[in-house]
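Below, each value reflects all heavy atoms present in this structure, side chains not excepted, and no hydrogens, waters or symmetry copies.
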Amino acid sequence: MVTLKRHMRPGTQLFLHTREGQVRLLIPELESPQIGDWLYLVEHPHPWRRQLYIKGRKLLASTVWQDMIVNQMSIEEAADNWNLPLAAIKEAIRYCESHQELLKLEAEEERYRLEQQGVSLEPKTTH
């Protein structure tokens, strides 16, 4: 890993070649996030998470976006719910929609880490 990190340049991506084709490897410790020109989104130091957060909060942009989807909120409702400007909500949506691969990979990583800790992720049923 240390050797790979030493040779990685900004924007470099790693691929695994298989019989079925190429598979992109996302190794968060080796890749820097794509910051872009975001007004309301920033990096936060984290050992493996690379997605952006809402500026001034420990709130992932994806948390806002997923909350909107699950609860069928409008942009205005989300802004009111999270006490954020409309522009911040719109920016979080744009970011999440354009970084779905990263969000998916991080969700899989989080699930794996929780399972390794023995956390049950299956919904509890009551009768």
Side-chain angles (χ1 to χ4, degrees):
M1 289 294 266
V2 173
T3 301
L4 275 174
K5 185 159 183 82
R6 195 174 310 131
H7 293 293
M8 294 282 291
R9 301 284 180 253
T12 301
Q13 297 178 348
L14 297 174
F15 290 87
L16 176 65
H17 295 275
T18 68
R19 289 183 202 146
E20 292 80 27
Q22 285 186 337
V23 177
R24 179 166 182 252
L25 300 176
L26 178 63
I27 305 174
E29 290 82 357
L30 297 178
E31 296 186 26
S32 59
Q34 300 291 323
I35 299 300
D37 294 322
W38 305 107
L39 181 61
Y40 294 96
L41 302 177
V42 296
E43 290 181 77
H44 273 225
H46 192 276
W48 56 267
R49 195 177 297 281
R50 293 295 175 259
Q51 65 178 287
L52 300 181
Y53 292 73
I54 303 293
K55 189 181 286 184
R57 302 195 189 181
K58 288 186 176 183
L59 175 63
L60 290 165
S62 64
T63 300
V64 174
W65 182 58
Q66 291 167 348
D67 185 50
M68 287 181 65
I69 293 168
V70 168
N71 294 303
Q72 301 176 358
M73 287 187 215
S74 67
I75 293 171
E76 293 78 11
E77 289 169 328
D80 186 51
N81 181 60
W82 291 100
N83 195 28
L84 290 168
L86 285 174
I89 300 295
K90 290 177 183 177
E91 188 171 283
I93 293 168
R94 240 182 17 261
Y95 172 77
C96 291
E97 288 177 348
S98 65
H99 290 80
Q100 288 188 38
E101 181 181 350
L102 172 65
L103 302 182
K104 180 179 177 254
L105 289 169
E106 286 191 4
E108 290 170 0
E109 177 69 18
E110 185 170 21
R111 180 179 201 73
Y112 171 79
R113 288 172 183 257
L114 288 170
E115 287 171 348
Q116 291 301 305
Q117 294 172 9
V119 175
S120 174
L121 300 174
E122 297 303 317
K124 294 179 182 174
T125 57
T126 57
H127 293 286

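Remark: the backbone N or O of Arg50 is not paired with any side-chain donor or acceptor of Glu43 at under 3.5 angstrom. The main-chain N or O of Tyr112 is never found under 3.5 Å from a side-chain atom of Glu115 such that the two would form a donor-acceptor pair. With hydrogens and angles ignored, the 3.5 Å screen pairs no side-chain donor or acceptor of Asp80 with any backbone N or O of Glu76.
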- Message: side chain to side chain contact (heavy atoms under 4.5 Å, CB included) for Leu103 and Gln66? Distances and angles first, verdict last.
- Response: CA-CA 11 Å; Leu103 302 182; Gln66 291 167 348; 5.5 Å; no

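Here the closest heavy-atom approach between residue Met73 and residue Ala78 is recorded as SD-CA, 3.7 Å. When all heavy atoms of Glu109 and Trp48 are compared, the pair lying nearest together is CG-CE3, 3.6 Å.
A heavy-atom distance below 4.5 Å is found between the side chains of Met68 and Ile89. In this structure, the side chains of Arg94 and Trp38 come closer than 4.5 Å at one or more pairs of heavy atoms. Residues Glu97 and Trp65 are in side-chain contact: their nearest non-hydrogen atoms beyond the backbone lie under 4.5 Å apart. Using a 4.5 Å heavy-atom cutoff, the side chains of Arg49 and Glu110 are in contact. Counting heavy atoms from C-beta outward, His46 and Leu60 have side chains that stay 4.5 Å or more apart. Between Asp67 and Ile69 there is no side-chain heavy-atom pair separated by less than 4.5 Å.
Taken to the nearest 0.5 Å, the CZ atom of Arg111 stands 8.5 Å off from the CG atom of Leu114. Atom OG of residue Ser62 and atom CD of residue Glu106 lie 7.5 Å apart, to the nearest 0.5 angstrom.
Ring planes of His44 and Tyr53: parallel class, angle under 30° (limits at 30 and 60°).
Taken together through direct or relayed side-chain contacts under 4.5 Å among Ile, Leu, Val, Met, Phe, Trp and Tyr, Val64 and Tyr95 form part of one hydrophobic cluster. No path of Ile, Leu, Val, Met, Phe, Trp and Tyr side chains, each step under 4.5 Å between heavy atoms, connects Leu59 with Tyr40, placing them in separate hydrophobic clusters.
Of the candidates Leu86, Leu41, Ile54, Leu84, Leu41 is the only one forming a side chain to side chain contact (heavy atoms under 4.5 Å, CB included) with Glu91.
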